[in-house]
Colleague: 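Take this structure, written in structure tokens, and hold onto it; I'll ask about it next.
Each chain gets a letter, A, B and so on, in the order its sequence line appears, and its residues count up from 1. Model, not experiment: these values are computed from the prediction.
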Amino acid sequence: MKVGVLLKQVPASDTIIKINPDKTGVLTADVKWEINPYDEFALEAAIQLKDAGKATGVVVITVGGADAEARVRDALARGATEAIRVDDPALAGSDALGKARALAAAAKSAGVELIFAGKQAIDTDSAAVPGMVAELLGWPQVSVVTGFSVDGGKITAERNAGGGFIEVVSTSVPAVITCDKGLNTPRFANLKGIMAAKKIAIAAKSVADLGLSAGQVGAAGALVEESGLELPPPRPSGKIIQGATPEAKVKELVRLLRDEAKVI
Amino acid sequence: MSSGILVFCETDGGKLKKTALELLSKAATLGGEVSAVVIGGSVDGAEAGRHGAATVYTVNGDAFGAYSTDAWVKALAAVIAKVSPAVVLGAASPIGKDLFPRLGARIGAGAVTEVTDLSNVGGQVVARRPVYAGKVIATAKVKSAVGLFTVRPNSFAVNPTGGGAASVVAVDAGVSAADLKTQVVEVRKSAQATVDLTEADRIVSGGRSVKSVEGYDSVIRPLAAALRATPGASRAAVDAGYAPHSHQVGQTGKVVNPTLYIAVGISGAIQHLAGMRTSKVIVSINKDPEAPIFQHSSYGIVDDLFTICPALQREFEAVIG
Ligand SMILES: Cc1cc2nc3c(=O)[nH]c(=O)nc-3n(C[C@H](O)[C@H](O)[C@H](O)COP(=O)(O)OP(=O)(O)OC[C@H]3O[C@@H](n4cnc5c(N)ncnc54)[C@H](O)[C@@H]3O)c2cc1C
Ligand SMILES: Nc1ncnc2c1ncn2[C@@H]1O[C@H](COP(=O)(O)O)[C@@H](O)[C@H]1O
């Protein structure tokens, strides 16, 4: 069984974000990129299956420009065995569904039977793409998973069901799994892996290579349009509470929370 | 023609969850008829009506035990086909997050997730949502006939409009056990379960400076309990083992949206802010007057957390009781 990993590069979490002049996106010139943190859990889960002899290969799939190759290389160095980068001018302005179409088609072309994705990308913050990929492939999905095992095609996954409940879900391959923190501890690449990764070709695919038409992706195919990007309104400057003793300070804080902020 | 707003309501023991009341209250201000849908549960038409819904559609049957993507997507798609709403709202809860994107792909409807505000602009519902971990706010519009939106809990106030009881209409969505490709085989209460952080209205979080599990358990938990709040933590506190993973607030933890957030001994790193910056009121307690968290706080106390927290706990106990 080949396992796919949907891997996206995102601005490093401490990046200062600058909005472009037409307010439709951000300026990427000074951005330091990294693998989306949740996709690292997805990648690690896939590599562990390969190490355990349960996966024959790990295919990293990304929709991204040439500058995403370094993150794909990093994934190969950690233990992925194949990579597909979908890149096409027609993808510009894609919404989650457009990206999902490209990713689902690439996964199909690679012949993967199990897909790991991050629960959410920390740039779009949408948590939408993997469920759409699952729907397009007609596969079951288990989202926000913190425990996973697969045996003879039977999957057991633990997920946070909210309200303090953990659900244990059973399903079978093929399936799409989205990964949360706590699932595993991602490894770093070692020198041997870095050398081995250099020999692996990253397959670049266009939209047409995947059998999609330009109208199914990009701004033309988008059902959601994001614009008017702006910085959040600044918080009115806060008050540092003065007082001679800790007791005086907390009394004043509680008074302000009750009488001024009216939250208690 | 699609028109009106359909609110996907989650219930708890036959009562609409607070998130459902928030969405119904907001829907009533956006224009157009409001209806509700409850899947796999019973509902009181009076409560839904009081919050602005004219009709509540319910879908039930053998396939609707524990939440499953397959049964819920098929059921909600059937109700949407019957009602033809222009807008479908749901909470950005574990269920809503799992359900809405897949539903969008199934019915060809644009799905906007993790919304924090909705408004009616010239007859179209327009959403605002944080992106880049809340460093940027974007405006999102849907181009399809139906628009799907999931909204973060606590984004809107609950406002009963005082309408009469909603009529309750059962819908047969034709869902059977054969549709289910996943099965919930076990449900466990996670250790120290309280209100889910993402839905909590008040949160008290502790940072690395609580120094130990004992520090977290003897300072943060009791303070949270006194305020009827949910305990949270910074990643440094979680990584050090003082609090479980499920308590982590931030970019790689939970994104929370409470009315009141108290950060105890937390420096205010950008990745922590990413998880809590939309909180309505932020209080921080830190002994370093230069700690970045103070720049994002409504109120700050510069002092040692080990003296302030017990005093604050006593004060909350006296006032909230
Ligand atoms: C990719 C990535 C993702 C991340 N995701 C997250 C995330 O989801 N959530 C998160 O929180 N962090 C996250 N981080 C980590 C983040 O950068 C910070 O390291 C972390 O938030 C720091 O936690 P802290 O504030 O508890 O600790 P510190 O930064 O060590 O701050 C401790 C604070 O406590 C104060 N203090 C010490 N003693 C006392 C005392 N006795 N009384 C009062 N105050 C005291 C100090 O003045 C200081 O301000 C992430 C980092 C990366 C790189
Ligand atoms: N452009 C992309 N390339 C590869 N994977 C992606 C891409 N966009 C989203 N994903 C996957 O989908 C997950 C959720 O992303 P999102 O829906 O954008 O929050 C990510 O963690 C990735 O696993």
Side-chain angles (χ1 to χ4, degrees), chain A residues 11 13-14 17 19 26 37 95-97 100 122-128 131-132 134-136 140-144 160-171 181-182 222-232 235 238-241 246-247 249-251 253-254 256 258 261 263-264, chain B residues 69 93-94 97-98 101-102 104-106 109-114 130-144 181-190 193-194 196 245-246 251-252 259-260 270-271 281 283 294 296-303 307-308 311-312 315 319-320:
Chain A
S13 59
D14 54 1
I17 297 288
I19 297 167
V26 303
D95 63 1
L97 187 57
I122 64 164
D123 52 359
T124 59
D125 277 331
S126 75
M132 292 175 171
E135 173 65 20
L136 294 167
Q141 70 192 54
V142 189
S143 52
V144 198
N160 175 357
F165 288 101
I166 307 284
E167 275 180 2
V168 183
V169 177
S170 125
T171 188
K181 183 178 168 158
L223 302 178
V224 175
E225 187 186 86
E226 268 186 12
S227 60
L229 267 57
E230 60 190 25
L231 300 177
R235 267 182 190 274
K239 271 187 201 153
I240 296 292
I241 292 166
E247 284 70 26
K249 289 181 187 172
V250 304
K251 274 206 170 16
L253 172 63
V254 170
L256 288 166
R258 200 180 40 206
V263 291
I264 58 171
Chain B
T69 317
S93 63
K97 286 176 188 237
D98 185 75
R102 185 155 192 154
R106 171 120 7 135
V112 184
T113 54
E114 304 282 337
V131 291
Y132 295 92
K135 291 177 204 164
V136 177
I137 308 289
T139 298
K141 290 184 192 138
V142 171
K143 296 198 263 179
S144 47
K181 290 188 183 163
T182 59
Q183 260 84 37
V184 175
V185 291
E186 190 191 332
V187 180
R188 281 203 306 268
K189 197 91 185 147
S190 68
T194 42
D196 209 276
H245 277 321
S246 58
Q251 189 143 33
T252 42
T259 308
L260 175 59
I270 189 99
Q271 296 92 351
V281 173
V283 173
F294 285 125
H296 302 271
S297 303
S298 328
Y299 304 108
I301 292 184
V302 180
D303 211 327
T307 50
I308 291 297
L312 186 56
E315 196 62 23
V319 175
I320 294 169

Colleague: The criterion is salt bridge (Lys or Arg N to Asp or Glu O under 4.0 Å); which residues satisfy it with B:Lys143, sequence neighbours excluded?
Modeller: none

Colleague: Between B:Ala111 and B:Pro101, which heavy-atom pair has the shortest distance, and what is it?
Modeller: CB-CA, 4.4 Å

Colleague: Using salt bridge (Lys or Arg N to Asp or Glu O under 4.0 Å) as the criterion, list what pairs up with A:Lys181, not counting sequence neighbours.
Modeller: B:Asp239

Colleague: Identify the heavy atoms of A:Ile17 and B:Tyr132 that sit nearest to each other, and give their distance.
Modeller: CD1-CD2, 3.5 Å

Colleague: Out of B:Thr252, B:Val302, B:Asp303, which one racks up the most heavy-atom pairs below 4.5 Å with chain A?
Modeller: B:Thr252

Colleague: In terms of heavy-atom pairs under 4.5 Å with chain B, which of A:Gly228, A:Pro37, A:Pro140, A:Pro11 leads?
Modeller: A:Pro140

Colleague: Do you know which of B:Thr69, B:Val112, B:Thr259 has the most heavy-atom pairs under 4.5 Å to chain A?
Modeller: B:Thr69

Colleague: Which answer fits A:Leu231, side chain, backbone, both or neither, if we ask what part of it has an atom under 4.5 Å from a heavy atom of chain B?
Modeller: both

Colleague: Which one, B:Val131, B:Val283, B:Asp98, leads in non-hydrogen pairs under 4.5 Å with chain A?
Modeller: B:Asp98

Colleague: Relative to chain A, which segment of B:Tyr299 carries a heavy atom at a distance below 4.5 Å: side chain, backbone, both, or neither?
Modeller: both

Colleague: On a heavy-atom basis, which atom in A:Leu97 and which in B:Ala105 lie closest, and how many Å separate them?
Modeller: CD1-CB, 3.9 Å

Colleague: Is there a donor-acceptor pair closer than 3.5 Å between any side-chain N or O of A:Thr171 and the backbone N or O of B:Lys181?
Modeller: yes

Colleague: What heavy-atom pair brings A:Val254 and B:Glu315 nearest, and what distance separates the two atoms?
Modeller: CG2-CG, 3.5 Å

Colleague: At a heavy-atom separation under 4.5 Å, does A:Asn160 approach chain B through its side chain, its backbone, both, or neither?
Modeller: both

Colleague: Sort A:Leu253 into side chain, backbone, both or neither according to what part of it lies under 4.5 angstrom from a heavy atom of chain B.
Modeller: side chain

Colleague: Kindly indicate whether the side chain of A:Ser13, heavy atoms from C-beta on, has any atom under 4.5 Å from the side chain of A:Ile122.
Modeller: yes

Colleague: Against chain A, label B:Ser93 side chain, backbone, both or neither, depending on which of its atoms sit under 4.5 Å from a heavy atom there.
Modeller: neither

Colleague: Output the distance between atom CD1 (A:Ile166) and atom CZ (B:Arg188), rounded to the nearest 0.5 Å.
Modeller: 6.5 Å

Colleague: Among B:Ile270, B:Thr182, B:Val142, B:Thr307, who wins on heavy-atom pairs under 4.5 Å with chain A?
Modeller: B:Thr182

Colleague: What's the separation between atom NZ in B:Lys135 and atom CG in A:Asp14, rounded to the nearest 0.5 Å?
Modeller: 7.0 Å

Colleague: Just so I understand: if I count every heavy-atom pair under 4.5 Å between each of A:Ala261, A:Ala100, A:Ala96 and chain B, which residue has the most?
Modeller: A:Ala261

Colleague: Let me know if B:Leu260 has heavy atoms under 4.5 Å from chain A in its side chain, its backbone, both or neither.
Modeller: side chain

Colleague: Can you tell me which portion of B:Gln251 sits under 4.5 Å from chain A's heavy atoms? Options are side chain, backbone, both or neither.
Modeller: both

Colleague: Heavy-atom pairs under 4.5 Å with chain A: which of B:Gly134, B:Ala311, B:Gly300, B:Ala133 has the most?
Modeller: B:Gly300

Colleague: Among B:His245, B:Gln183, B:Gln271, who wins on heavy-atom pairs under 4.5 Å with chain A?
Modeller: B:Gln183

Colleague: Contact part of A:Ser126 toward chain B, heavy-atom cut-off under 4.5 Å: side chain, backbone, both or neither?
Modeller: both

